[in-house]
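Report on the structure given below.
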Amino acid sequence: MKKYIPNQIEAKWQKKWKENGIYKTPDSSPKPKKYILDMFPYPSGDGLHVGHFKIYTSSDILARYFRMKGFNVLHPMGWDAFGLPAENYAIKTNVHPTITTANNINTIRNQMKITGFSYDWDREVNTTDPSYYKWTQWIFLKLFEKGLAYEDEAPINWCPKDKTGLANEEVVNGKCDRCGTQTEKKLVRQWILKITEYADQLLEGVQNLDWPRSIKDMQINWIGRKEGINITYKVRGSSEEVVCFTTRPDTNFGATFIVIGPEHPLITKITQKEHLDEVKSYIAKTANRSEEERIAQGRAKTGVFTGSYAVNNLNGKEIPIWVSDFVLGNVGTGAVVGVPGHDKRDFEFAKEFGLPIIRVVVGRDGDASAITQAGQVQEEEGKMINSEFLDGMDIHEATVKIMDYLEEKGWGKRVTTYHLRDWIFSRQRYWGEPIPLIHCDECGVVAIPEDQLPLELPEVEKYEPTGTGESPLAAIPDWVNTICPKCEGPAKRETNTMPQWAGSCWYYLRFIDPKNDKMLVDKEKERYWMPVDWYIGGAEHAVLHLLYSRFWHKVLFDLGITSTSEPFQKLSGVGLVLASDGRKMSKSLGNVVTPNQIVDEYGADTLRLYEGFMGPFENTISWDPASINGVYKFLTRVWEVMSKEETESPDNKVEIALNRLGIKVGHDIENMKFNTPIAAMMEFINLSYHALLTSEQKKKFLIILAPFAPHMTEELFQNVILGRSETTTPESTKEDSGRAPIKLGLARMTDFISIHQQSWPESDQNQLEEKEVSVAVQINGKVRDVLLIQNDIMSDKKIVEKMALESQKAGKFLAGKSVKKIVYIPGKIISFVIDVD
RNA sequence: GCCCAGGUGGUGGAAUGGUAUACACGCUGGACUUAAAAUCCAAUGGCCGCAAGGUCGUGUGGGUUCGACUCCCACCCUGGGCACCA
């Protein structure tokens, strides 16, 4: 047979698979279902690089494997196409984002097609398609109806470069997650989604998901549920009260001061005359500081005394009330009770201003003396002291006791707080889903009637964001001015658009029923396919997409549209693929490797193999161009082994190795491991490289390799196993001067049987054990010899023991020594314990 | 500070408590070739030794065990998340 030349066979089979529709997914089947989903990409103008393809290759191997295992597999692909790059490009070149997006999608779809991914392309969706975003808008209206979308004018995070508001999740270390610009606080009229109403459900739901620990923890951290108590303190000589939130009321007998933030409304009421000037100038000073500056770690504590005292109800003690900017108005109650004996921050403040420090917990070390050094932290265990009726109690017991007591007395109220904030949902940009609402002077905010959806994005003259907090849509009077659906009076459209995340919140539902124009998704189909069994993508979406879509999904569940309370049962997060220089692949660094380059040079199957072989799926690994040749060499060796003549009498070693290989590869794929099964296949080929295989063995091996290298295995399956010479390539057509092969190929097209429609090989249980096993002889923990032992005597301890004693290498260590103990693990190891002199 | 993941050859990495370093890259030597590429074969953790062999060795220090990369305790380092969060 000819040499292995990938680009002579790959396109041919891709065409054949398409013509025969072998990856089309029926909506019902007697087979069990498996929904395997990739996080769909943003169609960037640069196309995708080999890092993205690690995700798609892995999921494609899963999809192909589970099809062979007898599952009805849903494996779709689509485009998350709203977003800033297309819009910024439009600003620069005045090319409409629809055109840019369509071009980019074509580029990327082509990249995926030349790599041979087995998507059901009939189900492709595009979030910017009006027939898609009709339903995104429809969901928004449902949120609005349920009171989960509200309008507010609040100070929000604003990116001055992108000129739009951002959600909390989109601000990282005070910077815009997209462009890295320092964000500002800006008062903008916003649409906000009440994700906090689902905080508890989102928290509880995540516990039972089969997701990586780290991603679950990130969500739990982000939701940040905390149980504490608001304690009320009377201000001495006044009718005012100050309320402090704390999670550690057990230490409240150690409270020696209270700090309120500079924006606290109480300041003007309680500041004593002689302190007024000082307090005023302090507030003025801090007003210029950004929140980031105020909470910067390691910054010396500043503050001023108000002259007022609060009364601690527990012991009647009067404690001074200070103002300091480390206390933030928007966290807790904007006031903190200071327990410097057991909190580092409070300790620093007390030291700075000479306030008393009282210890109320003895830690494990038993040290109850006043702290003499900074850095005293809150104990996680310990016993109460100096706390009257709490004395002697464990701190956790004391926490419950004191909360009960404070509530009983009416001095406190248990509260739960969250780090999660409501989702700032509107963007002052063009390229997003228009929010389907109308502002009417008479009726207020009115939803667009469902039958008028989709509300299409209008053409504009200019895409530039205005920067004023208005979207470019506001500049189109024709579009903005409309009539109120309720009173039919003149009204104006909402001009904000939805954020990038909207379309991806529910796309997995649309793949189930992509062309339905009557409803979002057919109920029956939804019940059949949901939940997504296996979701594969990048971990960078841990608190963005993965939290937002869980939120929408739960709302849809409450509306009866989805039948599961969670969208993604199992999640695997891919590790970053770095460039060979160890840096992130980026166009500006010029270190990007595209799948096209690798397909051109080595073929798609080599690209796929290397994506899997380079290392564990979740590891961060640098792309190593030198190593690619290793998997290419493996494929040419496969080609050679499969092209050799066949034998009638199977080699026993090969037969056992092949049986074990099937089990190993299947097991590893199901555990998202791709490097080890490829290594095992390499071992098998190394073993059989100088042997002859039977036809049955060849077929079995090809099927096992097929999910990884679909093109080559199809070619060999058709030629070697089925014996059809459909090798009609441009090359061979030329050689054969265009005679018979083409016609033959066409005639057989109707009964095309693909290797990808074969069943995963069953392993023969009687052909898994070698005739001989090697047993290590261990003496005092050191391996001294390895015995080859026949299978049938393997379990006889006496015989193995005798063999070990008689062995030359091990025997000399045992001679003349008294053996204290012998442990034998059949087929593995025999361990002698002897006296050492 | 808190939470999570991880530390194994020159490199990517493998190993249900049971022969550490599979598989691959790279380097080295050999075969083929006029030569090179490609391919094939062999070798490849450190130290000692001509060799047989010995000895140390999975971040560090302890522990459990006949036996530990794997389990337990303490610590160090790297990466990620949260954070003057009250």
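Each chain gets a letter, A, B and so on, in the order its sequence line appears, and its residues count up from 1.
Where A/Met218 and A/Val775 each meet RNA chain B at their nearest nucleotide, the meeting point lying more 5' is that of A/Val775.
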Anything under 3.5 Å between a protein N or O and an N or O of nucleotides 37-46 of chain B, put it in a table, one pair a line.
| residue | atom | partner | partner atom | Å |
| --- | --- | --- | --- | --- |
| B/C40 | OP1 | A/Arg637 | NH1 | 2.6 |
| B/C41 | OP1 | A/His690 | NE2 | 3.1 |

Hey, what are the protein-to-nucleotides 63-66 of chain B N/O distances that come in under 3.5 Å?
| residue | atom | partner | partner atom | Å |
| --- | --- | --- | --- | --- |
| B/C66 | OP1 | A/Lys821 | NZ | 3.0 |
| B/C66 | O2 | A/Ser831 | OG | 2.8 |

Might you list the N or O atoms of the protein lying below 3.5 Å from N or O atoms in nucleotides 55-58 of chain B, with each pair's distance?
| residue | atom | partner | partner atom | Å |
| --- | --- | --- | --- | --- |
| B/U55 | OP2 | A/Arg784 | NH1 | 3.2 |

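Nucleic acid contact for A/Val783: sugar-phosphate only, since backbone atoms but no base atoms lie under 4.0 Å from a heavy atom of the residue. Within the nucleic acid shown, A/Val327 comes within 4.0 Å of at least one base atom, counting heavy atoms only. Residue contacts shown for A/Leu328 include a base, since a base heavy atom lies under 4.0 Å away. The residue A/Asp785 sits apart from the nucleic acid: no heavy atom pair falls under 4.0 Å.
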Exercise. Does the pair A/Tyr418 and A/Ile223 meet the rule for a side-chain contact (heavy atoms from CB on, under 4.5 Å), with working shown?
Worked result: CA-CA 6 Å; A/Tyr418 300 88; A/Ile223 295 166; 4.0 Å; yes
For this session: Could you walk me through whether A/Leu578 and A/Asn591 pass the side-chain contact (heavy atoms from CB on, under 4.5 Å) test, one step at a time?
Result: CA-CA 9 Å; A/Leu578 301 171; A/Asn591 57 7; over 6 Å; no
Exercise. Would A/Tyr233 and A/Ile258 count as a side-chain contact (heavy atoms from CB on, under 4.5 Å) if you check the C-alpha gap in whole Å, the side-chain angles of each, and the deciding distance to 0.1 Å?
Worked result: CA-CA 9 Å; A/Tyr233 301 87; A/Ile258 278 173; 3.6 Å; yes
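B/G9 shows a glycosidic angle within 90° of 0 and is accordingly assigned syn.
A salt bridge links A/Lys301 and A/Glu348; the closest N-O separation between the charged side-chain nitrogens and carboxylate oxygens is under 4.0 Å.
Of the side-chain N and O atoms in A/Asn686, none sit less than 4.0 angstrom from OP1 or OP2 of B/A22. Close to B/A83, at under 4.0 Å from its OP1 or OP2, lies a side-chain N or O of A/His419.
Annotation: ring-ring contact (aromatic ring centres under 6.0 Å, His included) contacts of A/Phe257 (sequence neighbours excluded): A/Phe349. In this structure, A/Trp211 has no ring-ring contact (aromatic ring centres under 6.0 Å, His included) partners at least two apart in sequence or on a different chain. Partners of A/Asn686 according to the side chain to side chain donor-acceptor pair (under 3.5 Å) rule, which considers only residues two or more places apart in sequence or in another chain, are A/Arg637. Here A/Val172 pairs with A/Asp177 under the side chain to side chain contact (heavy atoms under 4.5 Å, CB included) rule; sequence neighbours left out. Shown here are the ring-ring contact (aromatic ring centres under 6.0 Å, His included) partners of A/Tyr602, two or more places apart in sequence or in another chain: A/Tyr632. Not counting sequence neighbours, the partners of A/Trp222 by the ring-ring contact (aromatic ring centres under 6.0 Å, His included) test are A/His419. For A/Asp346, the side chain to side chain donor-acceptor pair (under 3.5 Å) test picks out no residue, with sequence neighbours left out.
A cation-pi arrangement, defined by a distance under 6.0 Å to the six-membered ring centre and an angle within 45 degrees of its axis, is present between A/Arg784 and A/Phe813.
Rounded to an integer number of Å, the gap from A/Leu420 CG to B/C85 P is 19 Å. Atom P of nucleotide B/A83 and atom CG of A/Asp217 are separated by 15 Å, given to the nearest angstrom. Following rounding to the nearest Å, A/Asn221 (CG) and B/C85 (C1') show an atom-to-atom distance of 12 Å. Counting to the nearest Å, the C1' atom of B/A83 and the NZ atom of A/Lys344 are 12 Å from each other.
Ring centers of A/Phe684 and A/Phe701: under 6.0 Å apart, within the cut-off.
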Problem set entry | Secondary structure string for RNA chain B (Watson-Crick or G-U under 3.5 angstrom, | for other-strand pairs) | (((((((..(((.....[....)))(.((((.......)))).)((((....))))..(((((..]....))))))))))))....
Problem set entry | Sugar-phosphate or base contact per nucleotide [nucleotides 11-16 of chain B; S, B, -; heavy atom under 4.0 Å] | -BSSSB
